[in-house]
Amino acid sequence: MSLRTEQATCQGPAGLIEYTADHPEGEPSGWSLVLHPHPLHGGTRDNKVVTTVSRACVQHGLLAIRPNFRGVGASQGAFDQAVGETADMVAVVEHIFQAWPRAASGPWVLAGFSFGSSVAAQLYAELAERELPLPSRLMLVGCAVERFRHRSLSMPPDTLMIHGEHDEVVPLSEGMDFARAHQLPMTVVPDAGHFFHGKLLILRQIVQSGLAGL
């Protein structure tokens with residue numbers, strides 16, 4: 001997936017947060033934070049959609065950070081309906097800017113899949129309020145933002161939304177409702193289910209296209 005992958009931890013509000021850092025070939029030109037699906041339904045940083053997005057970021061020259069949410073792997077704490085998870089990801093962003101200054105000096109990408117899309121969207125709003133560096137691109141895959149939303153949102157107009165036509169977990173209509181509410185275009189992958197089985201190559205190509213303008 002990448003030339004070098006390493007495991008690391010940082011401190012979060014509920015304890016240690018475990019993450020994987022996937023390194024590109026050569027010096028990274030920026031970095032990405034890729035967030036996984038629901039922790040209570042088998043979601044981890046090693047989910048295939050997460051690793052597909054991460055691989056696309058690595059191929060684009062970005063350092064890809066894949067954290068485990070609370071209660072997954074070695075990450076401490078318990079599931080907190082995206083509230084604590086959003087606070088944890090603020091801590092991860094602050095940590096990356098300190099621990100990986102070269103990568104953090106370039107543009108960064110924030111991506112989330114399913115439950116991770118809700119954390120990503122709310123993290124973006126939280127970073128804006130705190131006047132912390134905002135990602136150059138926000139990607140929401142299998143958008144489930146409203147299921148776990150606990151705060152107001154302000155989405156950037158170039159947000160990349162990707163959804164499977166036959167998503168059996170988050171219906172396409174739910175993703176469209178979010179896109180409509182925020183006036184965002186959506187890329188729909190024909191015949192794809194929630195986990196993009198058999199469509200991961202197409203997903204990777206869409207993400208790579210979304211990174212092209214960085």
Side-chain angles (χ1 to χ4, degrees), residues 1-10 17-37 43-69 72-75 85 88-89 91-117 119-121 123-124 127 133-143 156 158-164 187 189 192 195-214:
M1 181 175 150
S2 76
L3 293 183
R4 183 163 63 93
T5 293
E6 62 182 299
Q7 318 298 325
T9 60
C10 66
I17 301 169
E18 176 186 44
Y19 68 88
T20 293
D22 300 316
H23 294 259
E25 183 177 1
E27 196 66 44
S29 59
W31 69 286
S32 61
L33 179 61
V34 189
L35 307 182
H36 70 70
T44 76
R45 64 185 176 189
D46 295 322
N47 169 271
K48 289 193 183 308
V49 172
V50 171
T51 56
T52 296
V53 174
S54 178
R55 186 178 298 115
C57 291
V58 167
Q59 289 177 337
H60 195 73
L62 305 177
L63 173 72
I65 303 297
R66 294 181 285 122
N68 271 331
F69 285 132
V72 179
S75 290
E85 287 83 359
D88 289 345
M89 292 308 105
V92 170
V93 171
E94 292 175 330
H95 165 76
I96 298 303
F97 277 91
Q98 293 176 348
W100 308 89
R102 284 197 176 180
S105 67
W108 74 284
V109 174
L110 173 58
F113 168 48
S114 197
F115 172 79
S117 73
V119 178
L123 174 61
Y124 185 94
L127 294 172
L134 292 175
S136 299
R137 186 77 76 250
L138 174 64
M139 300 184 178
L140 306 176
V141 184
C143 180
D158 61 351
T159 298
L160 176 60
M161 292 187 65
I162 309 169
H163 217 95
T187 299
V189 179
F195 295 99
F196 294 87
H197 294 310
K199 306 293 182 181
L200 291 173
L201 179 59
I202 296 174
L203 174 63
R204 190 170 81 185
Q205 291 169 340
I206 295 169
V207 172
Q208 287 172 329
S209 296
L211 295 172
L214 283 183

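When reading the values below, keep in mind they use all heavy atoms of this one structure, side chains included, and skip hydrogens, waters and symmetry mates.
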Taking salt bridge (Lys or Arg N to Asp or Glu O under 4.0 Å) as the definition, give me every residue that meets it alongside Glu94, ordered by chain and number, with sequence neighbours left out.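 Listed in chain order: nothing, the list is empty.
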The salt bridge (Lys or Arg N to Asp or Glu O under 4.0 Å) partners of Arg204 (sequence neighbours excluded) come to none
Could you check whether Gln7 and Thr20, counting side-chain N and O atoms only, form a donor-acceptor pair closer than 3.5 Å? yes
Is any NZ, NE, NH1 or NH2 atom of the basic residue among Asp22 and Arg55 found under 4.0 Å from an Asp or Glu carboxylate oxygen of the other?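 A salt bridge is absent here (no side-chain N lies under 4.0 Å from a carboxylate O).
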Would the distance check show the side chain of Ser75 and the main-chain N or O of Asn68 forming a donor-acceptor pair, the cut-off being under 3.5 Å? yes
Pairing residues for Thr187 by the side chain to side chain contact (heavy atoms under 4.5 Å, CB included) criterion, not counting sequence neighbours: Leu160, Ile206
Which residue in the set Val119, Leu127, Leu110 passes side chain to side chain contact (heavy atoms under 4.5 Å, CB included) when paired with Met89? Val119
Does His60 form a side-chain contact (heavy atoms from CB on, under 4.5 Å) with Val109? I'd like the steps, not just the answer. CA-CA 11 Å; His60 195 73; Val109 174; over 6 Å; no
By ring-ring contact (aromatic ring centres under 6.0 Å, His included), which residues pair with Phe115, not counting sequence neighbours?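 Result, ring-ring contact (aromatic ring centres under 6.0 Å, His included) vs Phe115: His38, Phe69, Phe79, Phe148.
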Of all residues at least two apart in sequence or in a different chain, which pass the ring-ring contact (aromatic ring centres under 6.0 Å, His included) check with His95?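 Here the qualifying residues are Tyr19.
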Mind telling me whether Trp31 and Phe97 have parallel, tilted or perpendicular rings, with 30° and 60° as the class edges?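 Rings of Phe97 and Trp31: perpendicular, over 60°.
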If you look only at pairs with a residue in residues 100-114, which of them pass as a salt bridge (charged side-chain N to carboxylate O under 4.0 Å, His left out), with sequence neighbours excluded?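 Output for this query lists Glu27-Arg102.
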Going by heavy atoms in the side chains, are Val207 and Val141 under 4.5 Å from each other?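 No; the side chains remain at least 4.5 Å from each other.
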